[in-house]
Amino acid sequence: MRAAGTLITVAPTGAESSKADVPGLPVTLEELVSTARACEAAGAGLVHVHVRDDDGRPTLDLARLRDTVQALRESTTLVVQLSTGGAVTDPLEQRLRVLDAEPDSCSLTCGTVNFGDDVFNNPWPFMVELYRRSQAREVVPEFELFDLGHVTALNRLLDTCGEPHGGKIHCDLVMGVPGGMPGTAQALVAAVAALPAGASWSATGIGRTTLPVALAALSAGGHLRVGLEDTVTFAKGQPVEDNAQLVRRAAELGTLAQRPPMSTDEARALLNVKDRTPARTAG
Ligand code: KMH
Ligand code: ZN
């Protein structure tokens, strides 16, 4: 079914770029919160979060993750998704513990993939354990699919472990990673055709595949993910200024396609995330 509005996910930081190379990268909590607010105002519905330490390096420190979730909940109405992918060097056990920070949603990558010169490790037993923990903690997973085989593994995961918390299956195609599926319309159509029935999905293209993937996703009825995690160049020779610039462009593309950005309430309904906001649960 074709979606009525466009869910815009922003992935503002990631684990790969440094502040020295990308000055607009939000690495402190203050920078992240102000980025999230600007992106919400520009049309984002969901924020995919990687956290940095005091030196700007990726960390999975649980106290920092908890503080980040709380600060984003206090300052925005965005769906807060924590990355369980982390950095390629992060141990699997630490990646599992991310769920203890009680985000609305978590990423769950459906297989191992070459990641440039590195390997992004997601063995089957890890996927199963992460999925079972997301069910137990009532966290909605977003299935990250870097390759066509990951779609097969997603279908196997659902067959083996049942439906996700909330009953909605939401996927994100991460395309154009060196080692994963290419960022082309043909690859996108093949991956979408293999998704579980009724799943919603977004797509993001890494680097110069950003625009072709966004346009292909909109034409195929999908949602959009953008952000400095995935792309640091806005156009040839023009670095991205900040994440909101990418969200504004995504919102313009969605509006042109007659699918303007979803509100954060619509994003919550799409994923059926648990209501964890004290003000909302109180009354
Ligand atoms: N940083 C990549 C190795 C995720 O957030 O779940 C993995 C990643 C995926 O970014
Ligand atoms: Zn990520």
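Since the model is a prediction, treat every value here as computed from it, not as a measurement. First listed ligand is number 1; within each ligand, the first listed atom is number 1.
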**Study point:** Which of the ligand 1 atoms, numbered from 1, are nearer than 4.0 Å to a heavy atom of His50
**Key:** 1 (N), 5 (O), 10 (O)
**Study point:** Ser107 neighbourhood, listing ligand 1 atoms whose heavy-atom distance to it stays under 4.0 Å
**Key:** 4 (C), 5 (O), 6 (O)
Exercise for review: Look at Asp275 together with Arg268 and state whether they make a salt bridge at an N to O cut-off of under 4.0 Å.
Suggested key: no
Review point. Between Arg64 and Asp54, does at least one N-O distance fall below 4.0 Å, as a salt bridge requires?
Key: yes
Check your understanding: Between Phe146 and Phe120, how do the two ring planes meet: parallel, tilted or perpendicular, split at 30° and 60°?
Key -> perpendicular
Review point. If we ignore angles and hydrogens, is there a donor and acceptor under 3.5 Å between the side chains of Thr77 and Glu40?
Key: yes
Exercise for review: May I ask which of Arg95, Glu229, Glu16 has a heavy atom nearer to atom 2 (C) of ligand 1 than the others do?
Suggested key: Glu16
**Study point:** Selected option - heavy-atom contact closest to atom 1 (N) of ligand 1, from Gly86, Ser83, Gly116
**Key:** Gly86
Point to revise | Gly85-ligand 1 polar pair, N/O distance under 3.5 Å | key: yes
Practice item. May I ask you to establish whether Arg156 and Trp124 are in a cation-pi arrangement, using a distance under 6.0 Å from NZ or CZ to the six-membered ring centre and at most 45° from the ring axis? Key: yes
**Study point:** Angular separation of NE2 (His50) and OE2 (Glu229) seen from the Zn ion (ligand 2), to 10°
**Key:** 100°
Point to revise | atom 7 (C) of ligand 1 [closest protein heavy-atom partner, distance rounded to 0.1 Å] | key: Phe120 CZ, 3.4 Å
Practice item. Go through Asp100 and Arg133 one step at a time and tell me if the salt bridge (charged side-chain N to carboxylate O under 4.0 Å, His left out) criterion holds. Key: CA-CA 9 Å; Asp100 296 348; Arg133 289 194 193 193; 5.4 Å; no
